[in-house]
Each structure stands twice: as structure tokens, then as C-alpha cells.
Amino acid sequence: MKMALSSTLSRLNLIPRPWLPYTVTTLRALKLKPHKPQLLRPMWAPLTLSSFSVSAQIHRPQDDNLIVLGIETSCDDTAAAVVKSSGEILSQVVSSQADLLVRYGGVAPKMAEEAHSQVIDQVVQEALNQANLSEADLSAVAVTIGPSLSLCLRVGVQKARKTAGSFNLPIIGVHHMEAHALVARLMERELQFPFMALLISGGHNLLILAQGLGQYIQLGTSIYDAIGEAYDKTAKWLGLDMRRSGGPAIEELAREGDAESIKFSIPTKQHKDCNFSYAGLKTQVRLATESRNINAEIPISCASSQDRRSRADIAASFQRVAVLHLEERCERAIEWALKIEPSIKHLVVSGGVASNQYVRARLDQVVKKNSLQLVCPPPSLCTDNGVMVAWTGIEHFRVGRFDPPPPAVESEDFVYDLRPRWPLGEEYAEGRSEARSLRKA
Ligand code: KG4
Ligand code: ZN
């Protein structure tokens, strides 16, 4: 499903816009006197602590009373939520583009943008209504600004700036994948830095070592295709119901199948690094569906029992190997991370694919073997949502990273700070050289 998105990104080779530094306006008008404001980083710079003010990290008592609206439109869900800095989730609203996904078999950027635009006002209003609040009660607005398609991001950013501008609220630009990781700290209040995170979604696979807020080392990334994309394509080729996206459909069907029946090979095992590539496995799956004469036009609900069995075997075999790739990479990443930070105790697994029970169970084995603990947010917070954006906004706001309120009326030629490509942290040297050789290959 997300292939259209990721491949569009690479096809368009979106070039970062020049950074538009804002001028720091008076903070007197803010409801809560926040910490020293920080300029946002240039969009091509990875998210690292070096770009934050260290003095701004002092925790202040009023931080416990923050109420933040989070807006997420980076992919195919339009989501908003209101969260308190105490950790209380006041509301959560998600409007999915399921029908569009079924129709176009993936994220069609222009359609997705239109769909976001149609529902964004309603979704935000519903989040406020559910929280029993008005915009005037908010402390700040957080919004995803990357990485993803600018077309989709712009809808959320426009709404966030309009809301923040009308009600004189500071605004926080959020990294989508960082939000997937940090939401674990909302659920598991014991989760302290440093920790590791495996982030598995439709557009990205990332293995990071989180040393502190905004201070990440990227141990591995997806070179060709993320795991969610492979789940979605497999589901499409097997004629599954894509309305809840391909992942849940494969997870369900795989329970009926024999996971050992087809010996797919584990991706890029010869590369002793922590990067991911699901392109080869996708090809193997496609060939398997062709050789078994599976007709994706015939929905699984209409398939004969033998046909269904054969599809279930492919689903189960695919899932086994897709997850073995994760396990193998996690084993190595744990080794690398413990060398850098021997005090690590947790591996966070988040992003849409982390809602999969089989994925969780297998990774739980890996972390236990290494005497670590697995932290997985509940499924509704693994898939894209506004809570993770609001919470990440809260984390950054507390340390002084935010923009001052935008003007109530934005000038027509204002260039939004959108970051279609935005690395999360610095690449770990050992991983980088292997990634290069894999890209070349
Ligand atoms: O994080 P997410 O909601 O959106 C992106 O940032 O891409 O992840 C969406 C991906 C989709 O590819 C979807 O098929 C996958 O997560 N997914 C799952 C499951 N639920 C969602 N994959 C496997 N098993 C699931 N239960
Ligand atoms: Zn996501």
C-alpha cells in the first residue's frame, strides 16, 4: 500500500526547500511561558540534540499542565488527538482513507491530499469535542512535518498553523517516526533514555538507539521497501480485503497456513548490518503467487478451499521470513547498541506493523534472550494516530523546542516548513558502509 508513497518520494527526488528561519516574537502573549524558544533545524539536517538548547531542558512545574492538540496527515490517515502532559489522553480521532486504498491499491498522493482536506476540519473539531475543550484551552499545537509527501503534510500543517494563529498558540513540528518511538514513553512511564527502537511502518523501517530526546543514532534503515509495504503488496496479490490495510489481513490468513511450506530466503543475510530490504522478498512472493495460479481478482472470500489453503501458506511463509529479517537485524542492533550504551534495558517496537501479534511474540523472544524488555504501544497507538504527535509535541515543548504562534492571517506566499526527507539521527558508521554497498549492489 505504501509503495506508491515511498516510490513517489524517491521518484520525485524531492529537494529540501531552503530553511526559512523564523524571527522569535514576543512570548508574553503565550498562555504558558515556555522555555527559551529554539529555531527549527534546517530540514535536511537529521534530528539530533545538538540542535536543541541544552539549558532549555530544565523541567518546570507548569509543564505538568500542558494540553496539546496533535495533528497527523503524513500518510493515509487523517488523525487528531488532545493529550495532557500528565499522560492523560483526552481524545483520539482517526479518519482512514480505506476506500481510496482499495480503489487505487496504494496511496495516490493527489487523492490522499484531497481526502485529508475534506475531513481535516471535522477530525480536529471532533478531537476537541471529545476532549470537551475549545482551542482556547490548548497550550500548543503539534503537527507532523515529515518525513512524507509534502502534499499530504501540507494539509495538516495548514490546519495546525491556522488553529495556532487564531488562538495565539505555539506550534511544534514533529518527526513522524520519532513520534512512533516516543509514544512508548507515554504508555510506559518507566521508559527512560537510553533505549532502542525498532520502527516498522508502511514507508520506513528504522532501528535506532535513542540516547536522549532528539538524540538518536540510526543503526539501520530500509534500503529498498519497508516491511509494511511488503505486507500490503502480498495482501494485494493474494486477493485479500485491503480495507483495514494489508497487514491485518495477512496476519489473519497466516494463522490458517503452514509457515514452513514455502522456503523464501531471508533478505540480505549476507550483509552483516542492521539495514532492511523487502524488495527481494516481495519478488519471491509474487513469483509464488504466479506459480500457484493465484488470481488476485478472485477475492479470498470466493476462493475454493484448496485455493484458500494455498494463499494461506504463502501468507504464513511470507510472514515467517519477513519477521525473521526483523529478528536477525534486531539481534545485531542490540549487540551494537549495547556496545555504545551498556545500560540499555528496553527495545521499543512501534509503527503500524508492530500491532501484529506474531511480530510482537517473535521479537519478545529476541529481547528476552538478550535480557532486555520489549515495549509495544497498544495497536491503536502503533498505527498512525494523533496521540503520538501530541505527546512528541509535549516532550519537545518541555525542552523549549517550538515555534512561536504564527500570525492570525498567514501571508499567501508563506512557505511551509515541510520535510519530505528527514533522517532521524546520525547514521552509525558501521551501518552506513554496509548500506552503501547494498545500495550499490
Ligand atoms: O505506521 P503506519 O500506520 O503508517 C505509516 O507510517 O506507514 O503503518 C502502516 C503499515 C501498513 O503497511 C499496514 O499494512 C501495516 O502498517 N500494518 C500491519 C498490521 N497493521 C498495520 N502489518 C502487519 N500486521 C498488522 N496487524
Ligand atoms: Zn506511521
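Counting starts at 1 for both ligands and their atoms, in listed order. The model shown is predicted, which means the values in this text are computed figures rather than measured ones.
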To the Zn ion (ligand 2), the closest N, O or S atom belonging to Asp384 is OD1
query = Quick one: does Arg244 get within less than 4.0 Å of ligand 1, heavy atoms only?
reply = no
Spell out, as yes or no, whether a donor-acceptor pair under 3.5 Å connects the side chain of Arg332 to the backbone of Cys274. no
Under 4.0 Å from one or more heavy atoms of Gly228, ligand 1 contributes atoms 12 (O)
For Thr383, the atoms of ligand 1 under 4.0 Å from one of its heavy atoms are 3 (O)
(message) Is there a polar contact between ligand 1 and Tyr231, counting only N or O atoms under 3.5 Å apart?
(response) no
Crowding at NZ, Lys269 (>12 non-hydrogen neighbours, <6.0 Å)
no
Exercise. Do any nitrogen or oxygen atoms of Asp77 come within less than 3.5 Å of a nitrogen or oxygen of ligand 1?
Worked result: no
If only atom types and distance count, is the side chain of Tyr231 paired as donor or acceptor with the main-chain N or O of Val353 below 3.5 Å? no
Within 4.0 Å of some non-hydrogen atom of Gly203, the atoms of ligand 1 are 7 (O)
Here the atoms of ligand 1 under 4.0 Å from any heavy atom belonging to Gly246 are 14 (O)
Short version for His180: what comes under 4.0 Å of ligand 1, heavy atoms counted, is side chain
Please confirm whether Met177 comes under 4.0 Å of ligand 1, counting heavy atoms of the residue only. no
Q | Expected output: side-chain Thr144 to main-chain Ser74 donor-acceptor under 3.5 Å | A | no
Counting from 1 in the order shown, the ligand 1 atoms closer than 4.0 Å to a non-hydrogen atom of Gly202 are 5 (C), 7 (O), 8 (O), 9 (C), 10 (C), 12 (O)
Derivation of the salt bridge (charged side-chain N to carboxylate O under 4.0 Å, His left out) call for Asp313 and Arg309:
CA-CA 6 Å; Asp313 285 348; Arg309 174 81 209 178; 3.6 Å; yes
Heavy-atom proximity to atom 21 (C) of ligand 1, picking from Gly352, Gly247, Ser350, points to Gly352
For Val387, is there any backbone N or O sitting under 3.5 Å from a side-chain donor or acceptor partner on Asn385?
yes
Heavy atoms of Val83 and Ala390 approach each other most closely as CG2-CB, 3.7 Å
Taking only non-hydrogen atoms of Ser245 and a 4.0 Å limit, the atoms of ligand 1 in range are 13 (C), 14 (O), 21 (C)
State whether His176 contributes an N/O/S atom found under 2.8 Å from the Zn ion (ligand 2). yes
Exactly one of Thr78, Asp121, Thr73 clears side-chain hydrogen bond (donor to acceptor under 3.5 Å, both in side chains) with Lys159, and that residue is Asp121
Side chain of Ser350, backbone of His180: donor and acceptor closer than 3.5 Å? yes
Using a distance threshold of 2.8 Å, state whether an N, O or S atom of His180 lies below it from the Zn ion (ligand 2).
yes
In Gln211, Glu426, Glu178, the residue satisfying side-chain hydrogen bond (donor to acceptor under 3.5 Å, both in side chains) with Tyr216 is Glu178
